[in-house]
Amino acid sequence: MMCRGGDVLPPSMVGCSAAAAAASSSSSSRSSLATTLLLSALLLTATFAWLFLLLSSRHACTSTSIRLPSSHSFDSLPSPFPWQSPDWDSDPLPAFESRLSLPSARRRRQAHNRSHFHLRNLVFGIAGSAKLWPRRREFVKLWWKPRYMRGFVWLDEPVRDKQAGAQLPLLMVSEDTSSFPYTHPVGNPSGIRIARVLVEMFRLGLPDVHWFVLGDDDTIFCTDNLMRVLSKYDPNEMYYIGDYSESHYENFIFSYNMAYGGGGVAISYPLAEVLSGTFDACIQRYPQLFGSDDRLHACITELGIPITRETGFHQFDIRGSAFGLLAAHPVTPFISLHHVEMLNPLFPELERLDGLRLLAKAMQIEPGSFLQQSICYQPNYRLSFSISLGYVVQVFPKIISPRELQRPERTFKAWNGLEFEAEFDINTRPAAPSVCDQPYNFFLEEIHIEEGTGQVVSTYKRDSGIDDRKRKAFCWSPASSPVRVQYIHVVSKPLDWHWYLVPRRHCCTLGRIKDMVMHVTVESCQGGIAVS
């Protein structure tokens with residue numbers, strides 16, 4: 001008799017059912033035993049393999065350990081920038097290895113040749129117009145160094161200027177750009193002409209160029225700081241260096257990844273070389289853009305090159321008084337100042353151009369510390385001092401933390417006329433609501449380098465305007481009497497190269513008061529600032 005699975009067994013066939021169950025149980029036991037043995041073998045094999053790898057890697061690490069030379073000489077350590085010399089004491093502008101020694105417009109990569117970075121390795125392209133040049137050339141004179149610099153002013157029409165080439169850059173007339181499409185509803189097609197300044201300059205084939213620097217005819221450059229900042233970068237690579245606008249609205253409309261041309265843009269030679277062959281075709285794909293900055297940015301973005309931010313470039317998309325921004329400059333080298341023609345006079349007793357001349361003099365005497373903020377306190381009289389070297393000393397009639405003092409006071413409006421805090425892409429603080437809380441201001445009167453010591457000596461004269469307002473408001477403060485202090489005499493040392501690599505705000509020390517002159521020393525901070 002055969003037993004089939006699934007059959008319903010009558011009582012007489014129970015024996016057959018038991019036999020089948022026993023056979024099934026025996027088969028299941030053998031299958032489980034085989035599975036257990038297989039898993040054990042696999043686990044044992046994996047364990048041996050893991051131990052073998054562990055012991056092998058430990059042996060390799062032990063035999064190839066890295067040790068510093070026993071002499072611990074720092075001379076053997078790598079340079080902070082591989083393409084330049086770390087000997088900062090003997091060379092204020094470290095050298096790099098240059099592959100840009102051929103004079104042809106299109107240069108091939110060559111073996112490294114040792115050369116120093118000089119001002120003539122920069123070529124400036126200044127965008128201007130024939131109508132505005134007779135007036136704006138005075139701004140260019142403030143910073144241009146004819147015997148040491150190369151550059152051109154690019155105009156839309158020819159202009160006669162006997163000083164061009166002698167005291168000013170050479171004047172050039174831009175090529176005709178009427179064939180390029182332009183469809184922006186409210187812009188000006190001159191944006192195409194200005195955007196092509198870079199490629200027209202490159203095609204001149206000037207020798208020994210490392211960087212092209214773009215700017216406007218109402219921009220003031222601090223070329224010494226520009227040199228020191230650019231020396232951090234290898235000019236053999238593609239770099240697009242600049243900064244954003246101070247206006248949130250401008251950045252929102254254009255781009256948060258765009259260098260604004262008025263504040264200055266530095267383009268390395270290799271990037272300019274590539275753009276010279278692609279730019280004309282590229283800008284025809286962007287007829288809808290507004291100006292020159294966004295066209296240059298669009299074509300550089302197509303190459304995959306991002307902006308390298310240096311916050312010392314100042315677009316200054318502001319209107320009104322720039323006092324707040326200049327009195328609390330960020331801890332970074334000052335490089336440029338744009339829209340100088342749109343700003344209120346910078347000094348209370350000087351016209352706009354005369355004030356800019358005085359500011360430019362301070363910039364040229366000691367570029368590194370120019371506009372750098374120093375903070376100190378007089379706890380007995382509850383006074384806070386904020387010094388913007390080369391511009392102004394502010395004395396606040398109460399203790400204000402450095403965190404607040406480093407925020408520029410909103411003495412200005414944005415380019416669109418708005419002035420609330422969220423309109424700016426920098427931290428700002430409102431003006432003191434009460435005239436009694438407003439600071440006493442001492443503006444720069446004279447600055448020079450002291451012979452023998454090499455120290456920077458600057459003198460700041462008290463502004464009587466705030467005294468009159470405080471007197472009418474019946475304010476009182478230990479510093480309120482103009483009889484006591486009329487001048488502040490500040491002594492500081494020029495900044496060394498190390499500060500450009502690791503910037504830090506300096507501290508000031510208050511000295512004696514004699515003959516209505518307060519003496520102050522500015523120097524490197526030792527520890528922190530004592531705030532009481």
Side-chain angles (χ1 to χ4, degrees), residues 123-137 139-140 151-161 164 169-204 212-219 240 242 244-245 247 249-255 257-265 267 271-272 274-303 307 315-317 319 338-342 415-417:
V123 176
F124 287 84
I126 303 169
S129 68
K131 180 180 179 180
L132 297 177
W133 176 245
R135 184 172 75 246
R136 291 191 172 181
R137 71 176 189 169
F139 302 138
V140 179
F152 308 90
V153 177
W154 297 85
L155 305 175
D156 50 350
E157 297 175 1
V159 170
R160 287 187 176 183
D161 192 336
L170 293 172
L171 301 183
M172 304 287 285
V173 178
S174 301
E175 296 175 359
D176 181 22
T177 57
S178 59
S179 61
F180 290 91
Y182 187 89
T183 61
H184 195 281
V186 297
N188 191 309
S190 64
I192 298 176
R193 177 184 71 85
I194 296 173
R196 295 186 72 255
V197 163
L198 175 66
V199 297
E200 288 193 45
M201 228 176 6
F202 182 89
R203 292 168 184 171
L204 295 176
F212 294 94
V213 182
L214 309 177
D216 287 355
D217 54 3
D218 62 342
T219 303
Y240 168 56
Y244 310 156
S245 169
S247 169
Y249 181 78
E250 296 294 319
N251 292 328
F252 175 76
I253 292 297
F254 292 100
S255 175
N257 299 307
M258 184 182 83
Y260 280 71
V265 182
I267 305 290
L271 179 54
V274 173
L275 287 171
S276 69
T278 63
F279 196 74
D280 287 347
C282 173
I283 59 177
Q284 297 197 52
R285 294 191 285 272
Y286 299 98
Q288 76 282 4
L289 296 183
F290 177 81
S292 59
D293 307 357
D294 41 1
R295 281 176 168 77
L296 182 63
H297 171 246
C299 295
I300 291 176
T301 301
E302 287 191 0
L303 300 175
I307 181 176
Q315 172 69 10
F316 257 41
D317 280 336
R319 299 181 187 272
H338 185 218
H339 286 145
V340 293
E341 195 175 34
M342 302 297 296
W415 196 248
N416 57 12

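FYI, the numbering just counts along the sequence from 1. Quick note: numbers below take in every heavy atom, side chains included, and nothing from hydrogens, waters or symmetry partners.
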Could you check Leu296 against Leu214 for side-chain contact (heavy atoms from CB on, under 4.5 Å), going step by step and ending with a plain yes or no? CA-CA 11 Å; Leu296 182 63; Leu214 309 177; 3.8 Å; yes
Any side-chain to backbone donor/acceptor pair from Ser247 onto Glu250? Under 3.5 Å, distance only. yes
Could you state the interatomic distance from CD (Glu341) to CZ (Arg135), rounded to the nearest 0.5 Å? 4.0 Å
Shortest non-hydrogen contact from Trp154 toward Arg193: O-NH1, 3.2 Å
What is the distance from atom CG of Leu198 to atom CD1 of Ile300, rounded to the nearest 0.5 Å? 7.5 Å
Spacing of Leu271 atom CG and Phe202 atom CZ [to the nearest 0.5 Å]: 10.5 Å
With Pro181 via side chain to side chain contact (heavy atoms under 4.5 Å, CB included) - residues at least two apart: Gln284, Pro287
With rounding to the nearest 0.5 Å, note down the distance linking CZ in Phe152 to CD1 in Ile126. 10.5 Å
Check Arg295 against Gly291 and note the closest heavy-atom contact, atom names and distance. NH1-O, 2.9 Å
Derivation and outcome, side-chain contact (heavy atoms from CB on, under 4.5 Å), residues His297 and Tyr240: CA-CA 9 Å; His297 171 246; Tyr240 168 56; 3.6 Å; yes
More than 12 heavy atoms from other groups under 6.0 Å of OH on Tyr182: yes
Would you confirm whether Asp161, through its side chain, and Pro134, through its main-chain N or O, come within 3.5 Å as a donor-acceptor pair? no
For Asp293, enumerate each residue passing the side chain to side chain contact (heavy atoms under 4.5 Å, CB included) test, keeping only those at least two apart in sequence or located in another chain. Met258, Tyr260
For Gly128 and Leu155, which heavy atoms make the closest approach, and how far apart are they? C-CD2, 3.6 Å
Classify the angle between the aromatic ring planes of Trp415 and His339 as parallel (below 30°), tilted (30 to 60°) or perpendicular (above 60°). parallel
With sequence neighbours excluded, what pairs up with Trp133 under the ring pair (Phe, Tyr, Trp, His ring centres under 6.0 Å) test? none
side-chain contact (heavy atoms from CB on, under 4.5 Å) between Asp218 and His338: does it pass, once the steps are laid out? CA-CA 6 Å; Asp218 62 342; His338 185 218; 3.1 Å; yes
Indicate yes or no for a side-chain donor-acceptor contact from Ser245 to the backbone of Asn251 under 3.5 Å, with no hydrogens or angles considered. no
Rounded at 0.5 Å granularity, tell me how far CG in Asp156 sits from OG in Ser129. 5.5 Å
So which heavy atom on Ala130 is nearest to which on Val159, and how close? CB-CG2, 3.4 Å
So does Asp280 pair up with Arg196, basic N to acidic O under 4.0 Å? yes
Given the rule in the side-chain contact (heavy atoms from CB on, under 4.5 Å) test, do Phe316 and Met342 qualify, once you have shown the distances and angles that lead to the verdict? CA-CA 10 Å; Phe316 257 41; Met342 302 297 296; over 6 Å; no
What pairs with Ala298 under side chain to side chain contact (heavy atoms under 4.5 Å, CB included), at least two apart in sequence or on another chain? Tyr286, Leu289
Measure the spacing between CZ of Phe124 and OG1 of Thr219 and express it to the nearest 0.5 Å. 11.0 Å
In terms of heavy-atom contacts, Tyr244 and Ile307 come closest through CE2-CD1, 3.9 Å
Sub-3.5 Å donor-acceptor pair from the side chain of Glu200 to the main-chain atoms of Glu175, do we have one? yes
Any side-chain heavy atom of Asp294 within less than 4.5 Å of one from Ser255? no
Taking side-chain hydrogen bond (donor to acceptor under 3.5 Å, both in side chains) as the test, write out the residues that go with Asn257, two or more places apart. none
Could you tell me which residues satisfy side chain to side chain contact (heavy atoms under 4.5 Å, CB included) with Ile194, sequence neighbours excluded, listed by chain and number? Ala127, Ser292
